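The structure under discussion appears below in the form of structure tokens.
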Amino acid sequence: NVLSQTVEVPSATTSPSSSFARPLEHYNSLIQDGQLREDLQQRAALEKLDQMQKDLRGYSNERSTLFSKVNCTKLCGRKQPKNMLQMLKCAFNKFRLLLSLQQLFSKRKPPKGSYIYGDVGTGKTMVMDMFYDHVETAKKKRVNFHGFMLDVHKRIHRLKQSLPKRKVGQMVKAYDPIAPVAEEISEEACLLCFDEFQVTDIVDAMILKQLFENLFLNGVVVVATSNRGQMSCKQEYCQTLRLDSGIDYQRRNRPAAGKLFYLFIVFIITVTRPRSLKVHSRILTLAKACGTIADCTFEELCDRPVGVSDYLEISAVFDTVFIRNIPLLTLNKKTQARRFITLIDALYEHKVRVVLQAEALLDDLFVHEHHDHHDTHVLLDDLGSSLAIFTGEEEVFAFQRTVSRLTEMQTEEYWVAGDRSSK
Ligand SMILES: Nc1ncnc2c1ncn2[C@@H]1O[C@H](COP(=O)(O)OP(=O)(O)OP(=O)(O)O)[C@@H](O)[C@H]1O
């Protein structure tokens with residue numbers, strides 16, 4: 001399922017961490033090596049995450065199996081064990097019952113999760129990944145938000161499909177699939193790390209509100225990164241860590257990957273043909289592709305009803321994507337702009353190389369028109385948190401992130417990381 005697939009998302013940490021016991025040690029060593037710049041905000045966040053990593057040692061959200069074990073005691077209900085074997089079984093079951101009672105009463109309170117937020121490129125993902133890599137539990141998942149939402153929708157759909165069919169004339173019984181979905185996820189993970197937590201529509205917001213309530217009740221510890229401060233988790237379950245150094249590390253001066261572009265352009269013009277991709281039960285056809293390279297237009301990718309599943313499939317199949325004829329993205333082109341943002345998120349997360357041909361330079365591509373800026377936030381406050389739904393303001397934030405990511409995607413470092421030839 002997507003929840004486990006998304007764990008494969010490459011981590012932002014610069015090198016494998018197995019030689020370090022703690023996230024902060026890893027950070028210190030990268031600073032000493034000169035691979036990272038000292039950043040006091042990151043250090044403060046990592047100190048908290050370091051503590052959290054310690055608190056998570058030996059933590060499990062597994063339910064006590066008291067009740068299943070009580071059933072096992074049926075055997076002991078016999079008046080007299082008839083033979084030695086039954087006596088032993090009876091004693092063993094009593095012992096298990098005692099053990100599970102003890103587990104039930106000594107169940108640890110879950111450590112608080114963390115909500116890491118701050119401006120684009122300030123190192124939120126990197127810090128979270130450093131923490132994630134050092135948490136010892138096997139029941140941990142690192143997911144990206146789009147993939148996670150897709151997975152949740154699929155699970156809801158599956159559960160609804162599995163309900164008995166309603167007979168003609170029969171009343172529809174209200175069925176709430178969220179709690180069972182949360183139950184499934186809680187069985188798979190006691191630590192859930194979300195990259196890029198963002199709520200883009202009201203339906204998702206409502207699902208998430210209920211889902212998180214249930215996940216927290218089931219003892220799942222949540223860590224999330226976001227550009228938005230408002231989406232704070234309920235205080236009881238999450239601490240807030242702010243990264244506001246003001247430095248966008250994605251925009252640091254790094255060698256650009258310019259020369260590679262030219263070679264690809266020559267190649268692409270000569271040998272492309274249409275390619276059909278299977279996305280769930282649909283077919284997505286791209287007009288021009290060749291091997292692991294897709295030569296697309298903005299219209300093809302963002303101006304028709306395509307969405308996150310299509311973008312994830314494109315990211316899995318192609319290591320290089322050309323996007324031609326990108327127009328100026330005003331808030332009047334909100335739908336297309338949203339798709340473009342989601343597309344770049346998916347390509348970035350999968351280290352796909354992109355070549356853009358646009359009407360304006362990157363920094364001028366998104367046009368922020370003040371008069372089109374709705375300041376209406378839909379807030380869901382009763383969770384103790386507020387989820388800001390995509391408004392004009394949200395898009396401005398998302399645009400900033402996209403520009404920052406596209407800047408990083410121009411670096412040699414990014415292009416080298418995108419090399420799938422040896423994988
Ligand atoms: N202290 C640092 N010194 C040097 N490079 C850094 C530092 N912190 C982060 N980086 C680099 O900056 C880039 C962006 O970091 P990261 O993706 O974690 O930022 P982010 O805040 O999650 O960005 P976004 O808002 O786009 O999600 C990464 O390549 C990361 O390795």
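Nothing here was measured: the structure is a model prediction, and the numbers come from that model. Whatever order the structure lists them in is the order used to number ligands and atoms, beginning at 1.
In terms of N/O distances under 3.5 Å, ligand 1 is approached by Gly121. Not one N or O of Asp39 is nearer than 3.5 Å to an N or O of ligand 1, by distance alone. The shortest N/O to N/O separation between Gln42 and ligand 1 falls below 3.5 Å. Between Ser404 and ligand 1, a contact under 3.5 Å exists for no N or O pair. Taking distance alone, with nitrogen or oxygen atoms compared against 3.5 Å, Lys124 approaches ligand 1 more closely than that limit.
When each of Arg155, His153, Lys154 is tested with Asp151 by the rule side chain to side chain donor-acceptor pair (under 3.5 Å), just one qualifies, namely Arg155. Partner of Asp55 under the side chain to side chain donor-acceptor pair (under 3.5 Å) criterion, chosen from Gln53, Arg57, Gln51: Gln51. Between Ile156 and the choices Ile178, Leu211, Asp176, the side-chain contact (heavy atoms from CB on, under 4.5 Å) rule is met once, by Ile178.
The side-chain tip of Lys209 does not point at the ring of Phe212 from less than 6.0 angstrom away and within 45° of straight on.
Side-chain polar atoms of Gln41 and Asp244 form a donor-acceptor pair below 3.5 angstrom. No side-chain donor-acceptor contact under 3.5 Å links Gln400 and Asp248. No donor-acceptor contact under 3.5 angstrom links the side chains of Thr272 and Asp295, judged on distance only.
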Verify salt bridge (Lys or Arg N to Asp or Glu O under 4.0 Å) between Glu38 and Arg43, making sure each step is shown before the conclusion.
-> CA-CA 8 Å; Glu38 173 73 42; Arg43 178 170 292 283; 2.7 Å; yes
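Taking 4.0 Å as the cut-off, Thr122 counts as a neighbour of ligand 1 on heavy-atom distance. Residue Glu408 places a heavy atom less than 4.0 Å from ligand 1.
Counting heavy atoms from C-beta on, the side chains of Tyr237 and Lys112 never come closer than 4.5 Å.
Contact annotation: for Arg405 versus ligand 1, heavy atoms closer than 4.0 Å belong to the side chain alone. Contact annotation: for Asn227 versus ligand 1, heavy atoms closer than 4.0 Å belong to the side chain alone. Heavy atoms of Tyr348 found under 4.0 angstrom from ligand 1 belong exclusively to the side chain. Proximity of Glu413 to ligand 1, defined as any heavy-atom pair under 4.0 Å, is not found for any part of the residue.
Near Arg401, meaning under 4.0 Å from any of its heavy atoms, are these atoms of ligand 1: 24 (P), 25 (O), 26 (O), 27 (O). Of all atoms in ligand 1, listed by their number and element, those nearer than 4.0 Å to a heavy atom of Arg37 are 1 (N), 2 (C), 3 (N), 4 (C). Those atoms of ligand 1 with a heavy atom of Val120 less than 4.0 angstrom away are 25 (O).
Between Tyr414, Tyr27, Tyr249, it is Tyr249 that holds the heavy atom closest to atom 7 (C) of ligand 1. Residue nearest to atom 30 (C) of ligand 1, selected from Met128, Met130, Gln400, Met126: Met126 (by heavy-atom distance).
Counting heavy atoms of neighbouring residues, nucleotides and ligands inside a 6.0 Å radius, atom CD of Gln357 exceeds 12 of them.
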